[in-house]
Q: 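Before anything else, here's the structure in question.
Heavy atoms only: backbone and side chains are in, while hydrogens, waters and symmetry mates are out.
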Amino acid sequence: MFCIRFGREEPPKKKGKGNFIRRMTTLRRGAPSQGRSAMLQAALMSAGMGGNIRPHFTCHDSIRRHILYVYNIARGSEKTLRREKFEAFLKGTQGALWVEPLTQESYSFQDFFWVWSQNESAWSAVRRHEELDASKPISNYFISSSHNTYLDGNQLSSNSTADAYREVLSNGCRCIEIDVWNNPNSRSTSRTPSKSPQMEHRRQFSSNSIPRIAAERLDALMSRHSRSPSAPQSAFSSLESKHSRSPSAAQTTFSTLETRESSTTLDPRDLVGSRSRASSRSKEDKFNGEPVVHHHGTMTSMISFREVCIAVRETAFQRNPLPIIVSLEVGADKEHQEMMVQIMKEEWDGYLLDKPFDHIDHITQQPRLNELYNKILIKVKRISDKQVEDEIERGRKLGISSIRAKPPITKPLADLAIYTHSEHFDDHQSLHSRTPSHIFSLSEDCFHALAHDATKIRTLLSHNRDFFMRIYPKGLRVDSSNPDPSFHWRRGVQMVAMNWQRTDEGMMINDAMFANTHGWVLKPPGLLSDENVDVEDIPRRTLDLRITVLAGQAIPLPRDRRQLGGVGVMGDRRFRPMVKVELHVEKQKGGNQDLVKETVVAETDNPDWGYDSKSLDFFEVKDVIEGLSFVRFKVEDSSSIRDNLMAWACIRLDRLQTGYRCIDLLSKTRRKTEHAKLLVKVEKVFRAETPA
C-alpha cells in the first residue's frame, strides 16, 4: 500500500478580490500565564511536543470558568493536578490518541490549560486525518468539486473572474468547471450556438421586437461621449452596469420603451450588433481573439480562457500535489477549439496529461491516484460524426434544423480526454457501460429519480464502485444554492459539483467532508471497487450521541454591533445567541425522528450556558454510515427574524472526538475568525445493528 503524508498548509495570503470563499486561518500566539511561558515552552520542547505546538488563543471568562471547572474535577481534593491524574484525563476522558510524556510532577490550572490546549488530539473537536492511501484506482475517491467555478455570485448576472479559480483551488477543490465559448468579436463565419434551443427562445428581451427609440437613445448616448476614444466603451459600460446585474431591470426598461412607441419595431439583433461593432476594438484588445469563459445565455460577464488557464497553473499545485480534473463545457466552434488546445498546452506545459501512460491502457484500466501527482486531466465529450448525423436527422423529424445545442468536439480536443471522458447518459441502461475512462454527468433531479427507484439502485451502486459519476445542481438554483452532497456520496458518486459562491447547508457539509484533505477522500468500505457487496450489506451502525454546549466566545456579530463585542470585553447584550445542532444522516422512510436540537437562548457574543446546561440527545439513530454522516453547529441570533445565522461549524461524524472539546467557528462567508469558539462536551457511542 502506498501512502502519502502532507505537511501542514500555510494560510493563504489575503487578496483584494474573490473573498466569497476565503478563510482566515492565522491565529495569534499567546501565553498561558504571566512569567511562565518560557519555562513551559522549554518543557514542551523537551517532551518532544515542540513540533506540535498549536497557536494559543485569548480565552474569555465564559470558556475559562468551564475549563477551571474541569480542572477542579480532575484534581479532586488535591491542591494541584498530579501528573498521573492529568494523563488519565487526557487518555480517558478525552480519548487522546497520543499523549507525550508529561515532565512536571504537578500542574497548576494555567499549566493544565496550556498543555491541554496544545495537544490537538485532546483539545480539538475534529480528529486529524489519517494518511491518504493513494494506491487505488481514481474512481475509489470522493473529489472536491466546483460548479460554474468562474462565477462569483448568482448564476444569471454575477461576474466571471479568474480569481474564483485561485480561491477554490487554494481551498482544496480538485475538480473545476470551465464553460468555453467563441470570442464574441471573432471573424469566424460560424455563429456561437445557444446553450439550448428552448433557452435561446426564453432569453429574448421580450416576446415582441424592441422599438426604434431604444436604438436612437443609444446613438444619442454615444454621440455625447464621442470626443474620447474610449467613450463608446464607457457608454456601453454605463448601460451594462445599470442593467447587467438584474435581468428584470433590463426587461422592465425595454418594456417601458415598447409601451411608449408600440407601433415602431426593431430587431433585437440589430441593436446588439450595433453595440458589438461599436465596442469591438476594445473587446478584441481584451480577449486577443481567443475563446472566452462565461455562463452562456445569461448576463454574466466574460473572461479570457487563457486568463483562467494561467490562474489554474499558478495555484493548482502550490501546496497540493494531487491531480485536478478540468470539466470542460464547450460551446466553441472548431477554430476556437483548436485555440483551446494550443492555450492549454502552452499554459499547462508539464502538468497537462496529453497522452496515455505507456503502462496504463486507457481503454482497459484506470490509473492509480499516486500515478497522477501534479497532473491536470481533461474531462470533455467525445462525439462521433455518426452521432451528429443522427441528431440532425432527429431534428428534421421534429421540425427543427438541429437538436444539437453545441458544436461537435474536434479530435485534437477529444484526444485530451484520456482517463476522464464525458459520456452521454440516456437512461439506466447506460449504467452497464464498462469503458474505464467514462464519466456520466447528471443533474441532481435526474439522479434522485434514479436513486429512488428500487429496481435500479443496485445497478447504480455497482457502476459507481468502478466508474465515475458527476452530479451538478439543477437549473432552478439560479441563486447558486446547493444540494445535499452526502445523499450522492452514499450512493458512490465521486464528484458532486457545488456552487462555492454560496454558504448553505450543502456547502457546509462539503467543507466538512474535505477539510484538511487536499480534495481527495478515500471512499468508505462497501463503496470501493474491490468490494462486491449488496446495498443492504454496506456497514451501518446505530448511534447514541449526546452533545452539551457549555460556552462560546467572540461570536461574529452583525456589522452594526460589531464594535461593541469581542474577547475580553462585556459584549453586546442585545445579542441573543442560541446553538442549533443538526445531525445529517440517511433519512429513513417513514421516520419521524427529530435530528435538530437547540440550546436555550443566552446573552452577548460570549455566551455561557452554565455548568448544568441541558444536553442535546440523539439516541437510537439507525443505519448510520460514520464516514458519510455529519454534525452541524449553527450559532443563530434569536433576536433577529431574518438572516439570523452568525457562525457555524460542520464536522464529519467519524472525526468528531469525544470529551470536552473546542470547536473553531466560521463566519457566514466561511471565513475563520481569530477567536470564535464553542466549548462542548461530546459523548458518542456506536452499536452494531440489531437484526430485525
Q: If you define the side chain from C-beta out and look only at heavy atoms, does anything of Asp594 sit under 4.5 Å from Phe618?
A: no
Q: Is Arg687 paired with Glu620 through a side-chain N to carboxylate O contact shorter than 4.0 Å?
A: yes
Q: Okay, side chain of Ser462, backbone of Arg458: is any donor-acceptor separation there less than 3.5 Å?
A: no
Q: So does Arg465 pair up with Asp530, basic N to acidic O under 4.0 Å?
A: no
Q: Less than 6.0 angstrom separating the ring centers of His294 and Tyr150, yes or no?
A: no
Q: Are any of the side-chain nitrogens in Glu120 or Arg127 under 4.0 Å away from the carboxylate oxygens of its partner?
A: no
Q: Can you give me the closest heavy-atom contact between Trp648 and Asp511, atom names plus distance?
A: CH2-OD2, 3.7 Å
Q: Within a strict 4.5 Å, meaning less than it, do heavy atoms of the Asp354 and Trp348 side chains meet?
A: no
Q: Could you tell me whether Asp664 and Lys672 make a salt bridge, using a distance below 4.0 angstrom between a side-chain N and a carboxylate O?
A: yes
Q: Identify whether the distance between the nearest side-chain nitrogen and carboxylate oxygen of Glu582 and Lys580 falls below 4.0 Å.
A: no
Q: Using the ring centroid of each side chain, check whether His463 and His438 are separated by less than 6.0 Å.
A: yes
Q: Looking at every non-hydrogen atom in both residues, tell me the closest pair between Lys136 and Leu522 and how far apart they are.
A: CD-CD1, 3.7 Å
Q: For Leu328 and Val180, work out which heavy atoms get closest and say how close.
A: CD2-CG2, 4.3 Å
Q: Are any side-chain N or O atoms of Ser422 and backbone N or O atoms of Lys379, one a donor and one an acceptor, separated by less than 3.5 Å?
A: no
Q: Step through it carefully: locate the ring centre of His452, locate the ring centre of Phe487, and say whether they are under 6.0 Å apart.
A: yes
Q: Under the salt bridge (charged side-chain N to carboxylate O under 4.0 Å, His left out) definition, can you give me all pairs with a residue in residues 475-498, not counting sequence neighbours?
A: Glu444-Arg477, Asp479-Arg502, Arg490-Glu586, Arg491-Glu586
Q: Please identify each residue that fulfils ring pair (Phe, Tyr, Trp, His ring centres under 6.0 Å) with Phe425, with sequence neighbours left out.
A: Phe440
